[in-house]
Amino acid sequence: MSSKKLNIYERLELLLDKGSFVELDKHVKHRCTNFGMENKRIEGDGVVSGYGKIDGRIVFVYGFDFSVLGGSLSAANAKKIAKVQDMALRSGAPIIGLNDSGGARIQEGVESLTGFAEIFRRNVMSSGVIPQISAIMGPCAGGSCYSPALTDFILMVNEESQMFVTGPNVVKQVTNEDCDKETLGGAMVHASESGVCHLVSDNDEDCIMTIRELVGFLPSNNMEDAPVHPATDDVLRSCHELDQVVPANPNLPYDIKNIIEPICDQQYFFEIQPDFAKNIVVGFGRMAGRTVGFVANQPNYLAGAIDIDASDKAARFIQFCDCFNIPLVAIEDVPGFLPGVKQEHMGIIRHGAKIVYAFAEATVPKVTLITRKAYGGAYIVMNSKQIGADFNLAYPSAEIAVMGAKGAVSILYRKESAEQQEARIKEYEEQFANPYCAAELGYIDDIIEPADTRKAIIKALEACRNKSLSNPPKKHGNAPM
Ligand code: HXC
């Protein structure tokens, strides 16, 4: 694949099924006469909009042409975007924006600002009704970042696209910080540090193919289910490769993706935000041909402890899946919330509450598998039975307790000798380092062997596929933010 920046028509041609693109409003021109703008009236005004198909399913699209006045947003091209947003919402079809824009057109003043307001309001009204996907395919500033931020997924092209509220020149003027576009808001910055970006691609083609793939996992709207693929992978397939994944020593890490991948159809897992908050893994896979959303602690990173970024990442993904009827599978190996002054002061209480809220509010089928540690508050929030999971499974290696043995003994028996404490640790481990206490109480529905994970989860999802649950009527909840 080449790394050439494509023009907007080339991008749309790649994005949509061959010959399916229908352009709208290509004769629209702006009406601004400030700063000699009457001499810069170009057909389409730097935005291309319309509709087409991805794998035979209708999607609405718009994209900016950076070569026309820096892809800036005018009142006229804002109207074009708002028109396809309205059509997408009315038609119950996803909307995809290909952004490459310097933000509000400076020459138009408040006219261009109102254009963004129109777009933002539609982003919000479409939220949870139709999937909204934003690709960032060039430098994007101001409103051209905030509209994507209101959508469900942001994709960026590495070393070609940037996002910032204000560019490097303004940053220098206001804070005297030196930065360039890439260090301020490049793809890797947003994929690994800010968490703004969900997926990074190497070039335009790759980015567009990723959008097509993402759309394939999603329903067209909140009243539909995601497309069902023929289940060509045996639903009863045993996964003996899982027998050795969880180390016998509870202090050793392992890669939770070695559990997720083998249980997915064709062993394929489409990870979202792979570079951000690596202590939690989220993404889509298919089981028995149907889309599933996975939320899993990652023992390989910070021992899987839940911190602020992990909470934000997981909560938003859970919320997305619930909006769009995608069943959730939580895979749990978590020693707790990450302790520390910084975490407390930055608000781990407020952020951690988001996962509780999202799991508890979700009415889609919810299955939990505990592979090893399920300690403390993290046990509760990772889709425990009382938070509302439909099926709770555990491996024989699961440990369900308020905390690990050492920590518990150091609190309860701190005055005892080291020898006595050793004995207490053993006693505690015998009592709690297993899933049987929880299973005895019915909080774990079944204890399964790792090799049976795929079939056990598929059966559980099948059993609750037609689950019908609604939350109490309300305008909307007051989720922690
Ligand atoms: C009009 C613009 C423009 C804009 C760029 N251009 N942004 N014209 N309105 N917002 C024009 C440039 O003048 C230039 O024209 C051409 O587009 C290419 O821009 P360059 O600066 O040469 O490109 P580059 O070096 O790649 O830098 C891209 C950029 C920078 C980082 C985006 O142009 C920039 O900082 N632009 C302003 C960003 C901004 O502050 N926008 C308003 C945000 S407020 P010529 O004729 O020279 O080729 C906003 C309101 C909503 O959006 C806020 C919501 C929170």
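Whatever order the structure lists ligands and atoms in, that order sets their numbers, starting from 1. Note that the coordinates shown come from a computational prediction; the quantities given were computed from them, not determined experimentally.
- Within the structure, the closest approach of Leu69 to ligand 1 falls below 4.0 Å when heavy atoms are considered.
- With 3.5 Å as the limit, one finds no donor-acceptor pair spanning the side chains of Asn297 and Asn279.
- Some N or O of Lys181 is nearer than 3.5 Å to an N or O of ligand 1, by distance alone.
- The N/O atoms of Phe116, backbone and side chain alike, include none that comes under 3.5 Å of an N/O atom in ligand 1.
- Of the listed options Gly143, Ser67, Gly115, Gly143 places a heavy atom closest to atom 52 (O) of ligand 1.
- Ligand-side atoms of ligand 1 in range of Phe164: 31 (C), range being under 4.0 angstrom from any heavy atom.
- With values rounded to the nearest 0.5 angstrom, Ile260 atom CD1 is found 6.5 Å from Phe294 atom CZ.
- For atom 40 (O) of ligand 1, the nearest protein heavy atom is 4.0 Å or more away.
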Item to check | Verdict with supporting geometry, Lys80 and Tyr62, side chain to side chain contact (heavy atoms under 4.5 Å, CB included) | outcome: CA-CA 8 Å; Lys80 290 176 61 165; Tyr62 62 88; over 6 Å; no
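- Under a cutoff of 6.0 Å and an axis angle of 45°, Arg286 and Tyr268 do not form a cation-pi pair.
- Gln107 counts as a contact of ligand 1, since one of its heavy atoms falls under 4.0 Å from the ligand.
- In terms of polar-atom proximity, Gly70 is counted as a contact of ligand 1, with an N or O under 3.5 Å from an N or O of the ligand.
- Annotation: side chain of Ile280 is not in contact with side chain of Tyr301 (no heavy-atom distance under 4.5 Å).
- Distances between N or O atoms of Ile106 and those of ligand 1 include at least one value under 3.5 Å.
- Set against the non-hydrogen atoms of Gly103, the atoms of ligand 1 under 4.0 Å away are 10 (N), 52 (O).
- For ligand 1 and Gly142, the ligand atoms under 4.0 Å from any heavy atom of the residue are 43 (C), 49 (C), 52 (O).
- In terms of N/O distances under 3.5 Å, ligand 1 is approached by Ala104.
- Between atom 29 (C) of ligand 1 and the options Gly185, Cys145, Gly167, Pro139, the minimum heavy-atom separation is to Pro139.
- Every atom of ligand 1 with a heavy atom of Arg105 under 4.0 Å away is listed here by number and element: 9 (N).
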